[in-house]
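Chain letters run A, B, ... following the sequence lines, proteins first, then strands; residues in each count from 1.
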Amino acid sequence: MKSMPSNFSAGELLPLSFYAGSALEAAPRLLGQTLVRETEEGAIRCRIVETESYGGIEDKGSHAYGGRRTARTEIMFGEGGAAYIYLIYGMYHCLNVVTGPRDDPQAVLIRAVEPLTQHDEALMRLHRGSRARRPADLSGGPGKLCRALLIDKSLNGALLHSSTSPLRLEAGAPPAGPAGDSAIIAAPRINIAYAAEYADMPWRFYYRDNPYVSVVDKERGIPY
DNA sequence: ACCACGATCGTCT
DNA sequence: GACGATCGTGGTA
């Protein structure tokens, strides 16, 4: 099955309807789209290159498993299009895109992004300190990309489809270059061994040859 | 009130 | 490959 970022024009805000479907269909569709973060230093734009689907109350890997509706997960129970941001391990934040209708908690974890221009990369490096020696060190990983883009819980609930939001999504394009650069792999999600039978579901999606991807599966990944 | 633990990362061996 | 950092969250009492 071919997946392309969208049928939308590059640079345009993704409409509310983009978020109406399930997390499982949104996860691969989010690859190639542009995440925009407005900071005091200006906008930072980057391409989404790795995602994970966390869908529905039956997914044992999801914070909303079993219908758990708490202060933290509340935003997931809202209509698709909002950002769900939480703190993990007491020191890192993770960014999710909420999808689906109200009262159906689904979200897509953004696991890796790639700066679009040198200007974007420079700002991201600034926020990451001197660590980033390789591309994946800069923004390959959910905690790293939130650091690079200054994303924390103050942005929880941000409307990604709103032109005035400090965090939003625009239609983008797959990486340019050799054919392999836009080849998509589906593989098991990272660090969810506790999810039992859901731990092995191939619900992680990423561009096969992209250097910003956090973890590359040598055996378990399959073409999407 | 108490407590175990996590959709991670950086450092060290 | 192993381990510690660090604290909000959710389950239990």
TODO: For A:Ile88 and B:dC9, give me the distance from atom CD1 to atom P, rounded to whole Å.
DONE: 10 Å

- [ ] May I ask you to evaluate whether A:Arg133 reaches the phosphate of B:dG10, defined as a side-chain N or O under 4.0 Å from OP1 or OP2?
- [x] no

- [ ] Counting Watson-Crick and G-U wobble pairs whose two distances are both under 3.5 Å, find the runs of 3 or more in a row that involve DNA chain C.
- [x] B:1-6 with C:7-12, B:8-12 with C:1-5

- [ ] Could you check which of B:dC9, B:dA7, B:dG6 has an atom nearest any side-chain atom of A:Tyr89?
- [x] B:dG6

TODO: Might you confirm whether atom CD of A:Glu197 has over 12 heavy atoms from other residues, nucleotides or ligands at distances under 6.0 Å?
DONE: yes

- [ ] Write down the distance between OH (A:Tyr54) and P (B:dG6), rounded to a whole number of angstrom.
- [x] 13 Å

Task: Note: A:Asp137-A:Arg128 ion pair, threshold 4.0 Å (strictly below) - done: no

- [ ] Would you please confirm or rule out a distance under 4.0 Å between OP1 or OP2 of B:dT8 and any side-chain N or O of A:Asn191?
- [x] yes

- [ ] Please work out if A:Arg69 contacts a base, only the sugar-phosphate, or nothing of the nucleic acid, heavy-atom cut-off 4.0 Å.
- [x] nothing

- [ ] Would you verify whether the NZ or CZ of A:Arg72 falls within 45 degrees of the ring axis of A:Tyr86 while also being under 6.0 Å from that six-membered ring's centre?
- [x] yes

- [ ] Using the C1' atom on both, measure C:dC3 against B:dC5 and round to a whole Å.
- [x] 16 Å

TODO: To the nearest Å, give me how far apart CZ (A:Arg189) and P (B:dG6) are.
DONE: 15 Å

Open item on the list: Rounded to whole Å, how long is the line connecting atom CZ of A:Arg134 with atom C1' of B:dG10?
Closed with: 15 Å

Task: Sugar-phosphate only, base, or nothing, as touched by A:Gly141 at under 4.0 Å among non-hydrogen atoms - done: sugar-phosphate

Open item on the list: Using a 6.0 Å distance limit plus a 45 degree cone around the ring axis, check whether A:Arg111 lies over the aromatic ring of A:Tyr206.
Closed with: no

Task: Full working for side chain to side chain contact (heavy atoms under 4.5 Å, CB included) between A:Val49 and A:Val113 - done: CA-CA 5 Å; A:Val49 299; A:Val113 298; 5.6 Å; no

Open item on the list: If I take atom NZ in residue A:Lys144 and atom C1' in nucleotide B:dT8, what distance separates them, rounded to the nearest angstrom?
Closed with: 9 Å

Task: Below 4.0 Å: OP1/OP2 of B:dG6 and any side-chain N or O of A:Tyr86 - done: no

Open item on the list: Output the rounded distance in Å from OH (A:Tyr92) to C1' (C:dG4).
Closed with: 11 Å

Open item on the list: Does any part of the side chain of A:Thr70, heavy atoms only, come nearer than 4.5 Å to the side chain of A:Glu74, both counted from C-beta?
Closed with: no

Open item on the list: What I want to check is whether the side chains of A:Asp104 and A:Gln106 have a donor and an acceptor closer together than 3.5 Å.
Closed with: yes

Open item on the list: What I want to check is whether the side chains of A:Glu50 and A:Ser214 have a donor and an acceptor closer together than 3.5 Å.
Closed with: yes

TODO: Could you state the atom-to-atom distance from CE of A:Met91 to C1' of B:dT11 in whole Å?
DONE: 13 Å

- [ ] Spell out, as yes or no, whether a donor-acceptor pair under 3.5 Å connects the side chain of A:Asn96 to the backbone of A:Tyr84.
- [x] yes

Write down the protein N/O and nucleotide N/O pairs, taken from nucleotides 8-13 of chain C, whose separation is under 3.5 Å; answer none if there are no such pairs.
unit_1	atom_1	unit_2	atom_2	d
C:dT9	OP1	A:Lys153	NZ	2.6
C:dT9	O3'	A:Arg72	NE	3.3
C:dG10	OP1	A:Thr70	OG1	2.4
C:dG10	OP1	A:Arg72	NE	3.4
C:dG10	OP2	A:Thr70	OG1	3.0

TODO: With heavy atoms under 4.0 Å as the rule, sort A:Arg111 into base, sugar-phosphate or nothing.
DONE: sugar-phosphate

Open item on the list: Rounding to an integer number of Å, can you tell me how far A:Leu95 CG sits from B:dC9 P?
Closed with: 13 Å

Task: Any pair counted as side chain to side chain donor-acceptor pair (under 3.5 Å), so long as it reaches residues 143-159 of chain A, sequence neighbours left out - done: A:Asp152-A:Ser154

